[in-house]
Amino acid sequence: MLNIYNSLTKKKQPIIPIKPNEVSIYVCGMTVYDYCHVGHARVMVVFDVVVRYLRYLGYKVNYVSNITDIDDKIIQRANENEEDINELTTRFIQAMHEDSDALGVLRPDNQPKATEFIPEIIAMIEGLINNKHAYVTDNGDVCYSIQSFADYGKLSGKNLAELRSGERVDVDESKQNSLDFVLWKAAKPNEPSWDSPWGAGRPGWHIECSAMSTVCLGNHFDIHGGGMDLQFPHHENEIAQSEGTTGEKFVNIWMHNGFVRINDEKMSKSLGNFFTVKEVLDKYQPEVLRYFILTSHYRSPLNYSDADLDAAKQALTRLYTALRGLSIDDSYANDAYKQHFQTVMDDDFNTPEVLAILFELSHAINKARTNDLPLANQLAGELKRLGNILGLLQAEPEEFLQGKKQDFIEQLLLERQSARQRKDWAEADRIRDELEKQGIVLEDNAQGTTWRKI
RNA sequence: GGCUGAAUGGCAGAGUGGUUAUGCACCGGUUUGCAAAACCGUGGAGGUCGGUUCAAUUCCGGCUUCAGCCUCCA
């Protein structure tokens, strides 16, 4: 039975889908005005594993992850670039897809864009006004009245009095309460806008997610995810909006992933201490980054450093080395590894511990390959199957370990082979050293010599 | 100031009231022309002060330190 930590109850709880055998999940996606950084990669990979595992368990999963393509920052960036907003967002949506594809992230079933849901957003705001949860301000904005929603603060564990005493929000005289947030922003000159009952304007960020999630998945769905920083106010506001509109419970389980850090500080755009996915992929294979993300539990902080990426690469090299030269055989019948894997994943997706099982398997493979090759082939099949649930180990081992074939390497290997045959060890070692300088390490074995990149 | 969460071996990082996490690194061995990889084996841990317990890294409390949220953020 899969148990998931619910941020709302602060407890692990079994997932009991609203519709039997179907899981509906919504994850807050990107605002597309720049390239993805490693923090974004973590969200994508973490929830990709969640979805893969749910599917592995046999659930029919409907996975929705939105794209925010209208927002202050987008408008600002487009102005800075003197670029059309549509061109800007199209460009970065494409870049996002390149990154997520490289990381082996399966595309969500649906990636709604905010600009394609304007009528639904307007309808929701109208509903909130009718329900007395929202009001029109003097300057033409529509704001949500948090005092109208009794449960406000239930997700983040905050209460209104505390929020007010510690508030750092600039006081906006037009709001009834300084913590009220904007649902609809009246258009300013030269900004993109849509017609609405309150005049030309555009939606606030929070209402986009409420509208897109409930339209795509229904008023009440199973799992809502996102980064920890979205818990307040974004997700708190989503609850207030959605439940304020429908009167129904919005989400059963709230999942929040921890941050990526640099030197024990949150990686973020505002701090400027981020690495983009593309920067990392210039130095490391995508699967290394994916593996690295899975080495820590999704709710724990993940400190980014080259040393840790190097370690991830070495670990992955060990796994692929175990698979090397074997013929995958899917007939392994003993389900001990699989059972253990499931038990561990069932405990709130404990990927670090599940990786340990992959190493147990690779160890068993290495032991079996000398005296029981059929078993080794079967274990390799099991390793690859379990790896697939994590989106790992699906490449050909040689492809991971060597990358592109290079003629000069083959040539030098031939030269070294003949040197070894005539026992010219000095020449053989010279060639080996020469290749090592170029990042190629040789491995002699009974069948001949293989190589891999360092 | 309020609210969260965390502190584990050289590094990364899990579980666990008493028994090996795992990976990398280190040490001894097998193997190898020598290496590498692999295998066999050894060593090394749980911020601090108390409490509960036959027994705590694991439960409870204080303290310290760190991080996050309370403003856009994944």
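This is a predicted model, so every value here is computed, not measured. Every chain is numbered from 1, with letters handed out A, B, ... down the list of sequences.
At a cut-off of 3.5 angstrom, counting only N and O atoms as typed in the model, there is no donor on one side facing an acceptor on the other between the side-chain of A/K367 and the base of B/rC39. Under 3.5 Å, the side chain of A/D444 and the base of B/rC34 form at least one donor-acceptor pair of N or O atoms. Between the side chain of A/K158 and the base of B/rC69 there is at least one donor-acceptor pair of N/O atoms closer than 3.5 Å. Residue side chain A/D347 does not reach the base of B/rG15 through any donor-acceptor N/O pair under 3.5 Å, judged by distance alone.
The residues A/E427 and A/R416 are annotated as not salt-bridged, no charged nitrogen and carboxylate oxygen being separated by less than 4.0 angstrom. Taking a cutoff of 4.0 Å between a charged side-chain nitrogen and a carboxylate oxygen, A/R107 and A/D48 do not qualify as a salt bridge.
For A/F181 and A/H206, the ring centers sit closer than 6.0 Å to each other.
Between the CG atom of A/L271 and the P atom of B/rA67 there is a distance of 11 Å, rounded to whole Å. Going from atom CZ of A/F232 over to atom P of B/rC3 covers 15 Å, rounded to whole Å. Rounding to whole angstrom units, CG of residue A/N159 and P of B/rC69 are separated by 20 Å. Distance, A/R261 CZ to B/rA7 C1': 11 Å, rounded to whole Å. To the nearest angstrom, P of B/rA35 lies 13 Å from CZ of A/R420. Rounding to whole angstrom units, CG of residue A/N273 and C1' of B/rA74 are separated by 13 Å. Rounded to an integer number of Å, the gap from A/N303 CG to B/rC66 P is 15 Å. The distance from atom CD of A/Q231 to atom P of B/rC72 is 15 Å, rounded to the nearest whole Å.
Closest to the A/K266 side chain, of the nucleotides B/rC11, B/rA74, B/rA37, is B/rA74. Of the candidates B/rA14, B/rG33, B/rC70, B/rG33 carries the atom nearest the A/R432 side chain, counting heavy atoms from C-beta on. Of the candidates B/rA74, B/rA14, B/rG5, B/rA14 carries the atom nearest the A/S300 side chain, counting heavy atoms from C-beta on. The side chain of A/W425 approaches B/rG33 more closely than any other nucleotide in the set B/rG13, B/rU71, B/rG33. When the nucleotides B/rC72, B/rA36, B/rC70 are ranked by their closest atom to the side chain of A/V441, B/rA36 comes out on top. Comparing atom distances between the A/T321 side chain and each of B/rU4, B/rA37, B/rG33 picks out B/rA37 as nearest.
As rounded to the nearest Å, B/rA21 and B/rG9 have P atoms that lie 13 Å from one another. Comparing the same atom, C1', in B/rA12 and in B/rC69 gives a spacing of 26 Å after rounding to whole Å. To the nearest whole angstrom, the two P atoms, one in B/rU42 and one in B/rC49, are 32 Å apart. Rounded to whole Å, the separation between the C1' atoms of B/rG44 and B/rC59 comes to 27 Å. Nucleotides B/rG68 and B/rA56 place their C1' atoms 29 Å apart, quoted to the nearest Å. Rounded to whole Å, the separation between the C1' atoms of B/rG15 and B/rU58 comes to 10 Å. Here, B/rU30 and B/rC66 have their C1' atoms 46 Å apart, quoted to the whole Å. On the P atoms, B/rG17 is 26 Å away from B/rC11, given to the nearest whole Å.
Within the nucleic acid shown, A/G29 comes within 4.0 Å of sugar-phosphate atoms alone, with no base atom in reach, counting heavy atoms only. Using a 4.0 Å heavy-atom cutoff across all strands shown, A/N257 reaches at least one base atom of the nucleic acid. When heavy atoms are screened at a 4.0 angstrom cut-off, A/N366 is found touching the sugar-phosphate backbone but no base atom. Note on A/K73: a base of the nucleic acid sits closer than 4.0 angstrom, heavy atoms only. Residue A/R416 is classed as a base contact, given a heavy-atom separation below 4.0 Å to a base. Counting any heavy atom pair closer than 4.0 Å across all strands shown, A/H297 reaches sugar-phosphate atoms only and no base atom.
No side-chain heavy atom of A/Y291 sits less than 4.5 Å from a side-chain heavy atom of A/Y284. Side-chain contact between A/N350 and A/M345 is absent, with no heavy-atom pair separated by less than 4.5 Å. Inter-residue side-chain proximity for A/E208 and A/I70 is flagged as met; some heavy-atom pair is nearer than 4.5 Å. Side chains of A/M212 and A/V64 form no contact here, defined as non-hydrogen atoms less than 4.5 Å apart.
Applying the 90° cutoff around 0 to the glycosidic angle, B/rG46 is assigned syn.
Residues from residues 39-47 of chain A with heavy atoms under 4.0 angstrom of RNA chain B, sorted by number: A/G39, A/H40, A/V43.
Considering all non-hydrogen atoms of both residues, A/L442 and A/T449 come closest at CB-CG2, 4.2 Å. Pairing each heavy atom of A/N6 with each of A/Q13, the nearest pair is ND2-OE1, 3.1 Å. Nearest heavy atom pair, residue A/T321 against residue A/R369, reads O-NH1, 3.6 Å. Smallest separation of non-hydrogen atoms from A/A114 and A/D69: N-OD1, 3.3 Å.
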- Task: Could you walk me through whether A/I4 and A/F349 pass the side chain to side chain contact (heavy atoms under 4.5 Å, CB included) test, one step at a time?
- Result: CA-CA 8 Å; A/I4 302 178; A/F349 308 98; 3.7 Å; yes
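For RNA chain B, if you chain together Watson-Crick or G-U pairs that step i with j, i+1 with j-1 and so on, the runs of at least three with distances under 3.5 Å are B:1-7 with B:64-70, B:10-12 with B:22-24, B:27-30 with B:38-41, B:47-51 with B:59-63.
Positionally, the nearest nucleotide of RNA chain B for A/D264 lies more toward the 5' end than for the other of A/D264 and A/Y33. Mapped onto RNA chain B by nearest heavy atom, A/N445 and A/M228 fall at different nucleotides, with A/N445 at the one closer to the 5' end.
Defined by atom type and a distance below 3.5 Å, a donor-acceptor pair is present between the side-chain atoms of A/H256 and A/H235. Side chain to side chain, A/E353 and A/H297 fail the donor-acceptor criterion of an N or O pair below 3.5 Å.
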Nucleotides 21-23 of chain B: which of its N/O atoms have a protein N/O under 3.5 Å away?
none

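Taking the six-membered ring for Trp and thresholds of 30 and 60 degrees, A/F275 and A/Y304 have ring planes inclined between 30 and 60 degrees apart.
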